[in-house]
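Only one structure is covered here, and it is reproduced in the block below.
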2 protein chains.
Amino acid sequence: MIRPTMEDVALRAGVSRALVSLVMRGSPKVSELRRSAVLKAAEELGYSPHAMARSLASRTSTVLGVMVSDLHNAFFAEVVDGIDEVARDQGFDVIINTGGRSPARERRALESLLSFRPAGLILLSPVVPATAISKAAEQLPVVLVARSSRVSTVDTVNDDGEVGARLAVDHLVSLGHQRIAHLDGGEGTQAGPRRRGYVAAMESHGLVPQVVSSEYTDAAGARAIRSLISDRVLPTAILSCNDFNAVGAISALEDAGLRVPGDVSVVGYDNTSLAALRHVSLTTIDQPRAEFGRLAAGALLQRVREERTEPVRHLLTPSLVVRNTTAPPATSRRSSGSPFLSTAGGDSAESGSRTADFEAKSPERRSRDQEHGGPR
Amino acid sequence: MIRPTMEDVALRAGVSRALVSLVMRGSPKVSELRRSAVLKAAEELGYSPHAMARSLASRTSTVLGVMVSDLHNAFFAEVVDGIDEVARDQGFDVIINTGGRSPARERRALESLLSFRPAGLILLSPVVPATAISKAAEQLPVVLVARSSRVSTVDTVNDDGEVGARLAVDHLVSLGHQRIAHLDGGEGTQAGPRRRGYVAAMESHGLVPQVVSSEYTDAAGARAIRSLISDRVLPTAILSCNDFNAVGAISALEDAGLRVPGDVSVVGYDNTSLAALRHVSLTTIDQPRAEFGRLAAGALLQRVREERTEPVRHLLTPSLVVRNTTAPPATSRRSSGSPFLSTAGGDSAESGSRTADFEAKSPERRSRDQEHGGPR
DNA sequence: TTGTAGGCGTTATCAC
DNA sequence: GTGATAACGCCTACAA
């Protein structure tokens, strides 16, 4: 249980401590002979440099701290991938920490991260108060992902939720839908822009917005649909606030004997791995998550290197991923027509059942399937 | 961008560095007057102790390193929750690192973690060679989760995959199934025990095992089903190696016009949040994930405190979660009977459609729904 | 190319 | 209670 130090390595390799230090830092001014001797000794001893001592002595850090508000959400995993990629590339190590969506825990996580004196901090969708963030930003560069800030020392990376919602509405309208409801994300992150984008897009098409209060869970999506059905105001298309909500909505629709997309089209938001599952095959809005991570890490490293002092506000454009939960609205009353729908006439057969559409899936999906199968 | 030190705090509070140190460590032998003065100065300066310097000087660490092989998998997030809970409770900080399922990256992640000289290490389903693990174990306590080891200095926490598979088989048999196939996880973690448990359970029931080569992805599950169908050897029930695979299997079955569970029952493994989604509502085997984390952290801290030197091998018992993808087999030929099934006679209507079963869901599901809706 | 002195922020061990 | 002083493991000069 003893961790070897430079001294041990130096002794074993028959050189001085200083030389070991040079080798460890990859200095070119070391003879090949000694270098390999040192490396060999280090390997045999299982030695690796003591990051803390190193950073203490050099007054620099090669560590990037990342606070993930919710590890359960695969969204963040992909952002971390992007961060990791850039960081590794530039010789930085990443340490992660989670706040469990609780402000108190998150605060503690932040403290903990700060106590390592990392070169910089990336906060993924933090829920701590803005003051805690700007306080941290006084000590080191901070980048926020999926949360905005007005602090000039803090950089931000976000998706343009208004554009995303508009993409979804445009898609549905182009399919012929007119009655499109939005299941709203309430207080959730990014719910605001998505709602605003939806309303604006509807109005620009001369359509009447129908915002239904909901939440970012599948249970909430199902509840919202049930209330629409019982109120007899079910539209022909649904734009959910996120994928979870959309999946819940689909379940409730199917429970009610309605077909998706035959009777009702559904669009999600986020393009989580869930949406890509063939069993779900959800039309949704994709956010360039890995790109979020790359941009965040890039921005942070610029600050770390003091290459920039002006704040940068990345606003990434989401994109539409069409899968099998959207189709033109039923244009005529079906033989097994639902009493909930007000669209008149036509045969819904032309819109196809979901399984019939199945083979039309995009190649993109297959790759995502692979990607998320995971080791379990 | 300047981080205050103890010196700064001492100066501002008008005391010595040593006293600040005492206050920071919560020593009782400091007058209330000075204590509050120090705390106030620290607060004003935004000072927090330098973890690395502290650990360097004290030759101890309050940091637990956690290497997560795959952040995308929510399975690990719940294990981390358990770890976090125990660690926080006992005054330890957790830093996380990810290996991205690549041995090379994982190795680097391990190195990086080690460079912080944490008090101990928890490896979640690592894919690095055993030698790398035992090497690390020479330097600090190491606990493995979801991976076994014969090294006596390493503790392990696993689920009993044999028991889990048996639970699934028993459930299916009790419903009346006789022809039950296992979609195998191949090289994947834990695939071995699950397969063995399946085979043993089948044989103990006097049934013939049918192991189908597959993988831990939904695409693989679908492929396996399609091959079973084209070979005309589709059984009445499927035990998948994990939930992803099961969902893929269900899709392929539905694509082929078969109903789940009307025509074929499907059981997953892991009880991921995916399984709990009402749209999926998958009967599956649950592993006590948070408990994994708690036990792992507990075992690690015992080693850290040198309370134990004998290895501990936790083998947790999984449990069956019955949802809506399992039902008795069709006992008679249906009017719309499938040509793939060999079971004779009966009307499958009695087993009910999935949506009809829907309301019978367990309360457990609802809580999981909430839990995983997340902030997106 | 190699070795030596100092210092990084903190803790621990002493005297006061 | 409080304040000096020597580590801790390493890096950055600087000298040899």
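Note that these values count all heavy atoms, side chains included, but never hydrogens, waters or copies made by symmetry. Throughout, a chain's letter reflects where its sequence line sits, starting with A, and its residues are numbered from 1.
- Remark: B/R294 pairs with B/E85, B/E291 by the salt bridge (Lys or Arg N to Asp or Glu O under 4.0 Å) rule, at least two apart or across chains.
- Using a 4.0 Å cut-off on heavy atoms, none of the residues of residues 31-41 of chain B approach DNA chain C.
- Applying the ring pair (Phe, Tyr, Trp, His ring centres under 6.0 Å) test to B/F292 and every residue at least two apart in sequence or in another chain returns nothing.
- By the 4.0 Å N-to-carboxylate-O rule, A/R313 lies too far from A/D155 to be salt-bridged with it.
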Per-nucleotide protein contact string for nucleotides 7-16 of chain D, where B marks a base within reach and S marks sugar-phosphate only (heavy atoms under 4.0 Å, - for neither): -BBBSB----

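- Following rounding to the nearest Å, B/D8 (CG) and C/dC8 (C1') show an atom-to-atom distance of 13 Å.
- Remark: B/R35 engages no residue in a salt bridge (Lys or Arg N to Asp or Glu O under 4.0 Å) (not counting sequence neighbours).
- Residue pairs meeting the salt bridge (Lys or Arg N to Asp or Glu O under 4.0 Å) criterion with at least one partner in residues 144-154 of chain B, sequence neighbours excluded, are absent.
- Pairs engaging residues 14-23 of chain B under the side chain to side chain donor-acceptor pair (under 3.5 Å) rule: B/E7-B/R17, B/S21-B/R25 [sequence neighbours left out].
- In this structure, the CG atom of A/L114 is 16 Å from the C1' atom of C/dG9, given to the nearest Å.
- Residue pairs satisfying the ring-ring contact (aromatic ring centres under 6.0 Å, His included) criterion with at least one member in residues 50-71 of chain B, sequence neighbours excluded, are absent.
- Scored by the ring pair (Phe, Tyr, Trp, His ring centres under 6.0 Å) test, A/F92 finds no partners at all (sequence neighbours excluded).
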